[in-house]
Asker: 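Can you keep this structure in mind? I'll have questions shortly.
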Amino acid sequence: MTDRKDELAANLARVEERIAAACAAAGRAREEVTLVVVTKTYPADDVRALAELGVRHVAENRDQDAAPKAAACADLPLTWHFVGQLQTNKVRSVVGYADFVQSVDRSRLVTALSKEAVRAGREIGCLIQVALDAGEGGRGERGGVAPGGVAELAGLIARSEGLRLGGLMTVAPLTGEYAGREQAAFGRLMDLSTDLRRTHPTANMVSAGMSADLEQAVAAGATHVRVGSAVLGVRPRLG
Ligand SMILES: *Cc1c(COP(=O)(O)O)cnc(C)c1O
């Protein structure tokens, strides 16, 4: 093994231990939580090494970086998640490799995703990104729709050809009432998920938690944690 692969294996083992411990503490089965490794800013070789180490879900947040990386890794048994703010002019490219878009936050994006999914003959899993720090009717600074906008967007996704409503995603807010209160924020996301599943029972994915707060997300009930730096190392500032 190369040094880098050793390093990734050690990091992955540490993250795996954290997830297992958080599941045990919450009385949840380990299988209830899917690890999604966020590989943004890291090269395709790292993605390949991670796949060899057993990782099956990876995430990217910028199409410019993700598209060539996904192409270079097309032979690997990976599920690709797109987790970044997405402009409609990038949708055609993203639909070419992403199995899930976790950052759906406006109707124009839903329309574009549906059109391109149909054109490509693909079905894209869509998670609604919730901005817990947005004012009602507003959008979050890092993307996301306010909690009051979830139901309408969910209905639109559910009616759209080529799309499947997967559930909800959030990033713990840095400002507002949930700043520094990750577990309360993730608990609020779980409440929104419970509401959503009353009308869309199969939309049961809850994507929350990153390197710094995956324990709080697992405790709250997250089904997917998105972990970048704890596996790959601290990124250079951009990204
Ligand atoms: C970068 C990123 C992550 C991973 O963050 P880390 O702190 O590196 O674990 C998770 N979710 C989103 C949306 C991201 O952009």
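Counting starts at 1 for both ligands and their atoms, in listed order.
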Asker: Arg197 side chain to Ser193 main-chain N or O, any donor-acceptor pair under 3.5 Å?
Answerer: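 Checking the backbone N and O of Ser193 against the side chain of Arg197, a donor-acceptor pair under 3.5 Å is found.
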Asker: Do you know the tightest heavy-atom contact between Arg142 and Pro173?
Answerer: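 Reported closest heavy-atom pair: NH2-CA, 4.0 Å.
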Asker: Atoms of ligand 1 less than 4.0 Å from Met210 heavy atoms?
Answerer: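 Listed by number with element: 3 (C), 5 (O), 7 (O), 9 (O), 10 (C), 11 (N).
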Asker: Could you say whether the N/O atoms of Gly228 and ligand 1 ever approach to under 3.5 Å?
Answerer: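 It does: an N or O of Gly228 is found under 3.5 Å from an N or O of ligand 1.
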Asker: Counting each atom of ligand 1 from 1 as listed, which ones have a heavy atom of Val227 under 4.0 Å away?
Answerer: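 Listed by number with element, the hits are 9 (O).
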Asker: Locate the shortest heavy-atom distance separating Ala26 from Ala219; write the atom from each residue and the value.
Answerer: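 Heavy-atom minimum between the residues: CB-CA, 4.2 Å.
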Asker: Write down the atom of Val218, the atom of Arg28, and the distance for their closest heavy-atom approach.
Answerer: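 Residues Val218 and Arg28, closest heavy atoms: O-NH1, 3.0 Å.
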Asker: Pick one of side chain, backbone, both or neither for how Arg235 approaches ligand 1, counting any non-hydrogen atom pair under 4.0 Å.
Answerer: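 The part of Arg235 near ligand 1 is the side chain, not the backbone.
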Asker: For Ser103 and Leu109, which heavy atoms make the closest approach, and how far apart are they?
Answerer: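 Answer, listing the atom of Ser103 first, then Leu109: O-CD2, 3.8 Å.
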Asker: Relative to ligand 1, is Val38 under 4.0 angstrom through side chain, backbone, both or neither, heavy atoms considered?
Answerer: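 It is the side chain that gets close, since no backbone atom is under 4.0 Å.
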